[in-house]
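Structure record follows, encoded as structure tokens.
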2 protein chains.
Amino acid sequence: MMNLGSMTVHQDCDDCPIRHRAVCARCEADELQLLEEIKYYRRFEAGSHVIWSGDKMDFVGSVVSGIATLTQTMEDGRTQMVGLLLPSDFVGRPGREGSAYDVVATTDLVMCCFRKKPFERMMETTPAIAQRLLQMTLDELDAAREWMLVLGRKTAREKIASLLSIIARRDASLNFNSSDGGLTFDLPLTREAMADYLGLTLETVSRQISALKKDGVIVLEGKRHVIVPDMARLMEEAGDDSDGGLLA
Amino acid sequence: MMNLGSMTVHQDCDDCPIRHRAVCARCEADELQLLEEIKYYRRFEAGSHVIWSGDKMDFVGSVVSGIATLTQTMEDGRTQMVGLLLPSDFVGRPGREGSAYDVVATTDLVMCCFRKKPFERMMETTPAIAQRLLQMTLDELDAAREWMLVLGRKTAREKIASLLSIIARRDASLNFNSSDGGLTFDLPLTREAMADYLGLTLETVSRQISALKKDGVIVLEGKRHVIVPDMARLMEEAGDDSDGGLLA
DNA sequence: TGGTCTGCTTGATCTGCGTCAAGGCGAGGT
DNA sequence: ACCTCGCCTTGACGCAGATCAAGCAGACCA
């Protein structure tokens, strides 16, 4: 469940759940055997549930391609997204039985999975794995806290700008698509999903996106393709003080 | 920076930063020496900063007594509390240079600290420490996400009820003060601090507390002492579906 | 070519909470 | 006994964002 934080990616292996030389199945010959034995891929269609809140979760893994969301729902239907899973993000809880959240594929999704039990056994015998997971979890915790500030104290316009700048930054670190000076990316979320992430309604999301467009902070091609002519401007709109903000 | 989640406490040792037999200085003779060497206590006055956001943090540790808060602040002064540190909670980031947040003592505070470098060395040689920290961090992540739902989707009244029920639960698990059938505790936070935690203003906090009092959900003795005649009722007001909610 | 469906936009109105402002209450000091 | 200061309460008013409602645009299908 690693999300929102960019991380250093070891270039040689791009579908391992834990992207670090010390624990990567492709890199360390002596660990390869065990990891490969318990490794498998799963494919999910856009809109399908990867796991339901409360269900038993017998695997851990990471997103290879596509996008998934982590959401909580109250009995009356109010829902809050608590995590956004982009390629390379980790899903799962070694040492936990069930999932506390719904994990939903918002696009077609491929995940690289490990059965949980053997993975946990590996964690015990290979300390570097736990340490790597600890670092990833700390990153996620920072991201979650960053998001608490967004949810608790930012205006609707700032919330939208925050979300856009996070997606832009994540996207830019995966692909390298800053072409004509302006950063460019596709929104992976519907207006409703954005609203659930930001604690807003979809109407407010729509209005604020229109406002940012009118003010020239962003340019839209269609409804999903976004061009950011001036990233610094966008981050200013987001109320971000620091340039990077989201920790390395 | 463990907060909001209750955890199993090993009864024999009540001031060790990591409350688990396998890594506790008082329990494991062979580790005692190293831990004791780098262990020391620090005292903070109510209102003083334990660490400033951005400052270098050369220790990790845990709260022995008193209460501290974790807060983020925007340039214009808007602040959001992102964590509440009660006794037994852990503070610090093995593997990180600085702190991303202000840590402030809201009451007089005693912490049990370890210098970071030696602690990190211990983490490498004693795998159980990293694994224990991972579990604690996962708990904290769950708590942060629980709080995202509170911040993003709950009404002011529900927010107050959520905070009260979390404090009540935490308090009850430390002391055993359910006397006359009604649960009882002291608010460790000012109205303003509660507002910063809940993404509200202090006036709204005050009004909603008055409203809960008027409706008989809570009874106040003075401004800080709270009696909860019916915990189930309070949790219903909080919009909590599950009974425990906050994970073990 | 039209029909439907899903995602999105925009307008009108309502309301929960923020903002501004005026005290109240209890602790500690002189 | 009085003053002050920090913390809290309560009231009046305004506004950002929710709610209700109507309609648009593109994808897909028959």
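In this text, all values refer to a predicted model and were calculated from it rather than measured experimentally. Note on naming: letters A, B, ... go to the chains in the order of the sequence lines (proteins, then strands), and numbering restarts at 1 for each one.
Taking 4.0 Å as the cut-off between side-chain N and carboxylate O, Arg207(B) and Glu203(B) do not count as a salt-bridged pair. Using a cut-off of 4.0 Å between Lys/Arg side-chain N and Asp/Glu carboxylate O, Asp196(B) and Arg153(A) are scored as salt-bridged. Salt bridge Asp139(B)/Arg96(A): present, at least one basic N to carboxylate O contact under 4.0 Å.
Under 3.5 Å, the side chain of Arg207(B) and the base of dG16(C) form no donor-acceptor pair of N or O atoms. For dC20(C), its base sits under 3.5 Å from the side chain of Glu203(B) at one donor and acceptor pair at least. Looking at Arg191(B), its side chain has no donor and acceptor atom pair within 3.5 Å of the base of dT10(D).
The distance between atom NZ of Lys214(B) and atom C1' of dT9(D), rounded to the nearest whole Å, is 15 Å. Counting to the nearest Å, the C1' atom of dC17(C) and the CG atom of Leu151(B) are 15 Å from each other. Rounded to whole Å, the distance from CD on Gln208(A) to C1' on dG17(D) is 9 Å. For Leu187(B) and dC7(D), the CG to C1' distance is 13 Å, given to the nearest whole Å.
You'll find that the side chain of Thr201(B) is closest to dG18(C), out of dG18(C), dT10(C), dC8(D).
Judged by distance alone, the side chain of Gln72(B) and the main-chain N or O of Thr79(B) form no donor-acceptor pair under 3.5 Å.
Here the CZ atom belonging to Arg43(A) is positioned 10.0 Å from the CG atom belonging to Leu109(A), to the nearest 0.5 angstrom.
Using a 4.0 Å heavy-atom criterion, one finds that Ile209(B) contacts no nucleic acid atom at all. When heavy atoms are screened at a 4.0 angstrom cut-off, Arg224(A) is found touching the sugar-phosphate backbone but no base atom. Using a 4.0 Å heavy-atom cutoff across all strands shown, Gly199(B) reaches sugar-phosphate atoms only and no base atom.
When each of Thr204(A) and Lys223(A) is assigned the nucleotide of DNA chain D bearing its nearest heavy atom, the one mapping closer to the 5' terminus is Thr204(A). With DNA chain C read from its 5' end, the first of the two nearest nucleotides for Ser206(A) and Lys154(B) is the one closest to Ser206(A).
For the OP1/OP2 pair of dT6(C) and a distance below 4.0 Å, the side-chain nitrogens and oxygens of Thr190(A) include no atom meeting the criterion.
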